[in-house]
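For reference, the structure is listed below as C-alpha cells.
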Amino acid sequence: MGTLSVRESKTAQLKMSTVGNSTNIFWQESPVGKLERQKLLNQKGCVVWITGLSGSGKSTLACSLSRELYTRGKLSYILDGDNLRHGLNKDLGFKADDRTENIRRVGEVAKLFADAGLICIASLISPYRKDRDACRAMLPDANFVEVFMNMPLELCEARDSKGLYKLARAGKIKGFTGIDDPYEPPLKCEIEIQQKDGDCPTPGAMAGEVVSYLEEKGYLQDH
Ligand SMILES: Nc1ncnc2c1ncn2[C@@H]1O[C@H](COP(=O)(O)OS(=O)(=O)O)[C@@H](OP(=O)(O)O)[C@H]1O
Ligand SMILES: Nc1ncnc2c1ncn2[C@@H]1O[C@H](COP(=O)(O)OP(=O)(O)O)[C@@H](O)[C@H]1O
C-alpha cells in the first residue's frame, strides 16, 4: 500500500462505526479532555438524577441544590422534565414508550453535561426502574447519583400545586403517574429524601444532604 495522504492516514486512524440507524460514522476526539475541563472548574462532572411522583419536590430540590452549589462556586445545570418537554422532547407524550424515550434522551444529554465537567441535575418523574438504570449505565465511572423523593401519594396529591391530580381524579388526564399509571420506586439509590415524623425536610436541608454526599465522594474538587 502506497504512502497514505495525511487525510487518508488520519481517516485510516479513525474507526468507522454503525450505531442504531447511523451508519458510516466516526468518533472525533476533542483536543481538550474531561480532566482539563474539570481542572478549569475545580469540580468533577456527574449526574444527580432526581426521581419521584409529580409534586414530590423534584424541582424544588433541583433549584435549591443548584443555588447551594453556586454559592460554593460550583457550576451545575438543571434538566427538568417539564421544561425539556417544551423543546427537545415536545414530540413525546406520557405513554410508556414515550416516557422511556424521554428518559433515554435526557440521559444522553446529561452524560454530555457531565463530560463537560458540570454537575448535571436531572429532575424527572422517570417512573420506570429499567430506564433509570439504563441512564446509570450510560455514565462512565459510575458518576450517577440517584436521588429518590420518597413522598407519599397523599402528600403529593394534597399539594397538587398544578391542579393535575384533581384533573386526573376527574378522569380529565389519563395515565397520570401514581393515579392510573405506575411509578417503580428505586430498589437501591444513593440518596433517599423522605419525611421525618411526618414533616418534610426544608428545601435547604434537602439540598444540604445532596451537597454533603457530593463533597464526600469528591465531586466538588477536581483531584
Ligand atoms: N400523565 C402524566 N403523568 C405525569 N406527569 C404528567 C402527565 N401529564 C403531564 N404531566 C406533567 O409532566 C411532568 C412530568 O414530566 P417528566 O418528563 O418528568 O415525566 S416522565 O419522566 O417522562 O414520566 C409533570 O411534572 P412534575 O409535576 O414536575 O413531575 C407534570 O407536570
Ligand atoms: N421540602 C419541601 N417543603 C415544603 N414544600 C415543598 C417541598 N418540596 C416541594 N414543596 C412544594 O410542593 C409543591 C411541588 O413541588 P415541586 O418541586 O414542583 O415538585 P415536582 O417537581 O416533583 O413536581 C410545590 O408547591 C413546592 O413548593
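Note that the numbering runs from 1 along the sequence shown for the chain. In this text, all values refer to a predicted model and were calculated from it rather than measured experimentally. Ligands are counted one by one from 1 in listed order, and the atoms in each one are counted from 1 as well.
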remark   = closest protein heavy atom to atom 13 (C) of ligand 1 is D82 OD1, 3.7 Å
task = Tell me, please: is L53 in heavy-atom contact with ligand 2, that is, under 4.0 Å?
result = yes
key: Nearest-contact summary for atom 27 (O) of ligand 1 - protein heavy atom, Å   = S54 OG, 2.6 Å
key: Nearest candidate to atom 24 (C) of ligand 2, where distance is taken over non-hydrogen atoms, out of S161, C63, G55, A205   = S161
ask   = Is it the side chain (CB and beyond), the backbone, both or neither of N102 that lies under 4.0 Å from ligand 1, heavy atoms counted?
value = side chain
query = For atom 23 (O) of ligand 1, what is the nearest protein heavy atom, given as residue, atom name and distance?
reply = R99 NH1, 2.8 Å
request  = Among all protein heavy atoms, pick out the one at the shortest distance from atom 15 (O) of ligand 1; state its residue, atom name and that distance to 0.1 Å.
outcome  = R85 NE, 3.4 Å
remark   = heavy-atom search around atom 2 (C) of ligand 1 in the protein gives F176 CD1, 3.5 Å
message = So for G52, does at least one of its heavy atoms come nearer than 4.0 angstrom to any atom of ligand 2?
response = no
ask   = Which one holds for P201 and ligand 2: side chain close, backbone close, both close, or neither close, with close meaning a heavy atom under 4.0 Å?
value = backbone
ask   = What part of S56, side chain from CB on, backbone N/CA/C/O, both or neither, has a heavy atom under 4.0 Å from ligand 2?
value = both
remark   = For atom 18 (O) of ligand 1, the closest protein heavy atom turns out to be I125 N, 2.9 Å
query = Identify the closest protein heavy atom to atom 21 (O) of ligand 1: which residue and atom is it, and at what distance?
reply = S126 N, 2.8 Å
request  = Look at atom 11 (C) of ligand 2 and find which of K58, R159, M149 reaches it with the closest heavy atom.
outcome  = R159
Closest protein heavy atom to atom 9 (C) of ligand 1, given as residue, atom name and distance to 0.1 Å = F94 CZ, 3.4 Å
